[in-house]
Amino acid sequence: ERRSETAYVYKPQVKINDWEPRNEVWGKNFPREFQSYRQTAQRDFKSKYNGNVMIDMLEVDPRLVVLWAGYGFSKDYNQGRGHAYAVEDVRNSLRTGSPKNENDGPMPSTCWTCKSPDVPRMMNQAGIAEFYKGKWARLGGEIVNPIGCADCHDPETMNLQISRPALIEAFERQGKDITKASHQEMRSLVCAQCHVEYYFNKEIVEGAQYLTFPWDNGYTAEKMEAYYDNRGFSDWTHALSKAPMLKAQHPGYETYMTGVHAARGVSCADCHMPYKSEGGQKFTDHHIQSPLNNVANSCQVCHRQETAQLLKDVFERQDRIIENRDKLEELLVRAHVEAKKAWDLGATKEQMQGILMDIRHAQWRWDYAAAAHGASFHSPVEIGRTISTGITIAQEGRIKLARLLADLGFNEEVPYPDISTKAKAQEFIGLPMDKLNEEKEEFKETILPKWDEEARKREDAWGVSYN
Amino acid sequence: ERRSETAYVYKPQVKINDWEPRNEVWGKNFPREFQSYRQTAQRDFKSKYNGNVMIDMLEVDPRLVVLWAGYGFSKDYNQGRGHAYAVEDVRNSLRTGSPKNENDGPMPSTCWTCKSPDVPRMMNQAGIAEFYKGKWARLGGEIVNPIGCADCHDPETMNLQISRPALIEAFERQGKDITKASHQEMRSLVCAQCHVEYYFNKEIVEGAQYLTFPWDNGYTAEKMEAYYDNRGFSDWTHALSKAPMLKAQHPGYETYMTGVHAARGVSCADCHMPYKSEGGQKFTDHHIQSPLNNVANSCQVCHRQETAQLLKDVFERQDRIIENRDKLEELLVRAHVEAKKAWDLGATKEQMQGILMDIRHAQWRWDYAAAAHGASFHSPVEIGRTISTGITIAQEGRIKLARLLADLGFNEEVPYPDISTKAKAQEFIGLPMDKLNEEKEEFKETILPKWDEEARKREDAWGVSYN
Amino acid sequence: MREFIKKLLPPNGWQVPVVILLGIIIGLGLYIFRISNASSYLSDNSETCINCHVMNPQYATWVHSSHREVANCNDCHVPHNNVLNKYYFKAKDGLRHATIFTMRDEPQVIFIKEEGKEVVQQNCIRCHEKLVTDNAGIARFETSKHFRMERSCVECHRETPHGRVNSLAAVPNAQIPKLETVVPGWLDKIMNKSKK
Ligand SMILES: [Ca+2]
Ligand SMILES: [Ca+2]
């Protein structure tokens with residue numbers, strides 16, 4: 001077998017140990033891949049809806065604050081940027097709060113799972129369920145390297161590998177064997193470790209917030225909804241409507257799987273990590289980003305249309321989806337506010353029961369369509385379908401609300417709140433933003449330097465072994 | 001110039017006169033095209049939603065009867081079949097009624113416009129506006145040949161041509177010159193003479209139901225809706241809800257134009273009239289039909305996927321669209337019934353105004369999505385978008401209705417009528433079907449033979465001039 | 001630099017004929033341009049080729065192929081490695097075609113010449129290079145890159161874009177664009193009349 005020879009044509013500069021989390025160390029052996037990886041730190045491209053700049057989604061669209069009232073996302077939510085920022089962003093987010101010690105803060109340690117190649121290292125050290133136990137702050141000094149080589153590669157062979165148990169377990173529960181995945185499938189599955197909907201299952205191991213992908217019935221909004229409904233699971237109770245809510249987090253892989261590119265065998269890497277030529281050498285571009293910043297190497301490998309036409313194709317699909325997604329968002333704000341009004345007027349739990357389930361289901365569908373920022377291009381027909389069903393359900397809920405409100409003696413339109421800015425919306429739902437921001441500043445000044453110091457010491461001790 | 005020589009490589013058997021409506025005569029010169037054209041009379045293929053068999057849509061989906069209450073379509077509506085049936089079907093439809101003489105019947109002569117190559121002949125004889133005057137029965141003896149060669153071809157050169165003024169006029173009003181159309185565009189524009197949304201404008205020429213395409217603002221549902229709204233036009237007043245309704249008729253070209261195949265220059269003929277090889281000759285397959293009965297020659301010219309996969313692609317898109325289209329249909333039935341309830345309880349015109357416009361707009365969008373039977377494949381993203389907006393509007397109307405009904409003292413769900421079969425639905429809206437069917441039978445027995453006889457005499461007199 | 005100039009020059013065997021041909025072209029230039037609509041031959045428009053009816057079968061099959069929207073005749077049949085070579089090849093080929101055609105010597109079934117085949121092959125690779133060389137693409141096909149690059153593409157892709165059946169007799173009624181009568185005279189007449 002001379003098949004794998006090319007993999008060893010390179011002269012390795014350094015030895016890369018198992019669980020090596022430091023991207024710079026891998027970079028010594030693979031300078032091109034590393035250089036391009038480093039470009040994920042760029043902040044210079046904004047497309048119509050995405051790009052690598054920091055986009056404060058709550059500012060762009062303050063309705064989100066109301067939809068997430070009572071949940072961390074109403075404090076802070078940004079459109080994701082490059083992999084190089086993964087650790088920085090999870091540290092800075094108001095969602096992770098301002099823990100004062102390792103047992104403090106709103107988030108569990110599971111939140112680290114998709115942010116760093118230190119994760120496989122820690123999982124190996126402590127065990128999977130142990131990793132998922134305790135608070136997020138507990139691992140602050142351990143997890144410092146942003147997403148990188150060890151998340152996707154085997155250091156011996158450089159083969160693509162699955163380093164996160166949640167994906168393997170999800171496949172198992174579906175009766176599929178991930179080790180049988182083809183090379184081409186692996187070029188998407190490495191992404192499916194993170195760009196997927198998830199929840200924390202507290203019933204698997206006592207005390208662990210066990211990372212779980214809700215795929216047992218399938219990938220569509222309805223199939224995952226049924227999964228959660230059957231388990232009586234909810235992420236939080238809405239502050240206004242008291243509905244038992246679900247949060248969809250970036251179901252990128254799931255929605256991609258329902259689109260035509262997946263059906264034709266086109267992988268995530270084909271568009272987000274195309275081949276690149278530099279100095280007569282070809283390699284995989286590790287500058288993972290919006291393909292709209294790189295149409296020539298991505299789309300145009302398969303499509304001969306001009307760049308302008310391909311951009312138009314993407315924007316046209318996004319526009320057609322987002323028009324109705326925005327509408328659904330407005331309807332959901334109304335539903336929450338109307339439900340609150342009903343409670344205020346003395347509605348009973350029995351009367352509200354069906355209405356709250358409608359709100360739960362409609363918002364789940366909206367989030368399924370919105371949370372994966374590529375979905376309106378990855379699978380526009382399916383996303384459009386999902387939004388339509390969401391609109392129907394939201395409006396059914398509002399019809400029931402209209403009848404209930406009339407019963408309770410209020411038979412007119414409930415006024416739409418003034419939520420024209422993020423600040424107004426956060427005030428409307430009663431968030432003490434000044435306090436949250438102050439505490440975060442203090443956390444950054446006092447706790448973060450300690451974490452970094454701890455990490456520096458550890459990594460210095462490892463050193464680098466040159467060949 | 002020897003350019004056009006090939007056009008004469010064939011030995012013409014007969015001379016084809018201008019306005020020759022008889023397809024058999026053309027067929028003498030072009031036997032392959034004619035033989036394949038004749039196959040449009042086949043009734044042997046049923047796909048998931050379409051095909052060439054007779055599909056009684058009111059039986060398949062009795063809700064349609066309610067949506068069209070007060071309008072001809074509630075009596076009779078079939079999914080279109082092959083071109084060879086165009087004349088037979090318009091004669092047999094209950095929509096054209098049972099005229100006793102040439103000044104009788106519910107339909108204007110304009111109804112013939114898209115059914116036969118006798119139409120250009122008659123338009124040339126009488127003039128365009130004259131053609132559109134009077135009743136449908138007036139031209140019964142003149143229009144007998146089903147859609148055929150003279151509708152699309154120039155008899156001299158066999159070039160594609162536009163034989164219907166409505167398309168030329170619509171282009172002119174859009175500021176476009178149809179004579180500048182490319183060869184490839186013509187391969188769709190010949191279809192756009194008929195597979196388009198239309199209405200009868202009574203304000204162009206006194207006494208004429210002037211065939212007009214409402215494209216002045218554009219091809220989307222919203223753009224055409226604005227066209228009609230601005231003119232205060234409505235096709236009929238709904239029998240239950242009294243809403244001023246619009247009927248969308250097969251906006252096939254318009255919806256196709258919003259899809260990716262049109263964007264890539266793929267024409268109607270590419271899929272519905274692919275090239276065919278027979279006995280060492282290649283020619284355009286004039287068996288216009290569902291491409292799903294001919295995937296190899298149509299789709300697979302461009303797509304390498306297996307037939308099963310391509311069929312799956314089509315069905316998947318259709319399913320995803322039709323799920324929500326069906327839902328919207330149900331919501332519209334509810335809206336009509338609820339509106340009737342409101343009238344019954346004494347609602348005023350002022351109270352109903354906004355609600356009726358919602359019903360009009362929502363049903364227009366539903367029809368835009370449903371009437372062109374290919375649309376859910378031709379342009380699934382845009383059709384999905386349109387249906388979503390339709391659902392929002394229908395439900396807004398129903399929220400207003402809920403409040404109005406509560407005001408009028410009725411604060412509960414209005415029961416959904418039992419319309420589980422076509423017969424029940426037609427009874428529900430009060431159609432005297434037995435009478436209509438009896439009259440039609442008589443019309444077929446007494447009037448149709450006269451029309452045929454008149455035509456036979458005329459055509460016998462023309463003869464055929466062999467070379 | 002010398003490498004560059006060398007690249008611009010036509011292949012060895014053709015350098016002499018080129019000089020002669022250039023002479024002829026310059027000599028008869030104006031005259032030919034006027035009578036033959038020659039300016040159109042400089043374009044890449046596929047319609048140019050069907051100025052000759054013998055090209056109709058190829059036009060008809062091409063216009064029904066998936067390449068219609070993405071590749072015109074010259075994209076495949078003229079070298080694209082440099083500009084000079086492109087027009088040199090065009091001139092050479094065009095003159096031969098014109099001569100044969102003028103002498104009414106055209107065969108019923110045209111076959112591509114070896115040299116033309118090589119041009120076509122290079123053009124397939126020119127457009128599809130990424131697809132046939134990048135490892136993502138290769139992963140999708142059974143055959144290896146090596147195996148495919150060394151054989152003629154058309155060996156496998158026999159039907160791309162003209163198909164196997166494309167003699168003059170095979171497409172007797174092939175429609176070629178001559179769209180001056182999209183709106184027939186009679187309709188034009190009565191429409192104008194009804195407007196006034
Ligand atoms: Ca981004
Ligand atoms: Ca049909």
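Source: prediction; values computed, not measured. So you know, we letter chains A, B, ... as the sequences are listed, proteins then strands, and number each from 1.
- Among Leu189(B), Thr284(B), Asp154(B), Asp270(B), the residue making the largest number of heavy-atom pairs under 4.5 Å with chain C is Asp270(B).
- In this structure, Lys282(B) forms no cation-pi arrangement with Tyr275(B), as its terminal cationic atom is not both closer than 6.0 Å to the ring centre and no more than 45° off the ring axis.
- For Asn124(B), the parts lying under 4.5 angstrom from a heavy atom of chain C are both the backbone and the side chain.
- Options Pro120(B), Ser267(B), Cys302(B) differ in how many heavy-atom pairs under 4.5 Å they form with chain C, and the most are formed by Pro120(B).
- Glu159(C) and Thr61(C) form no side-chain donor-acceptor contact under 3.5 Å, judged by distance and modelled atom types alone.
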Verdict with supporting geometry, His153(B) and Phe30(B), ring pair (Phe, Tyr, Trp, His ring centres under 6.0 Å): CA-CA 12 Å; His153(B) 288 285; Phe30(B) 306 104; 7.8 Å; no
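- With a 4.5 angstrom heavy-atom cutoff, Arg32(B) does not touch chain C via any of its atoms.
- Using modelled atom types, one finds no donor on one side chain facing an acceptor on the other under 3.5 Å when comparing Arg187(B) with His272(B).
- For Pro274(B), no part lies near chain C; criterion is any non-hydrogen pair under 4.5 Å.
- Residues passing the side chain to side chain donor-acceptor pair (under 3.5 Å) test with Glu130(B) are Lys133(B), sequence neighbours excluded.
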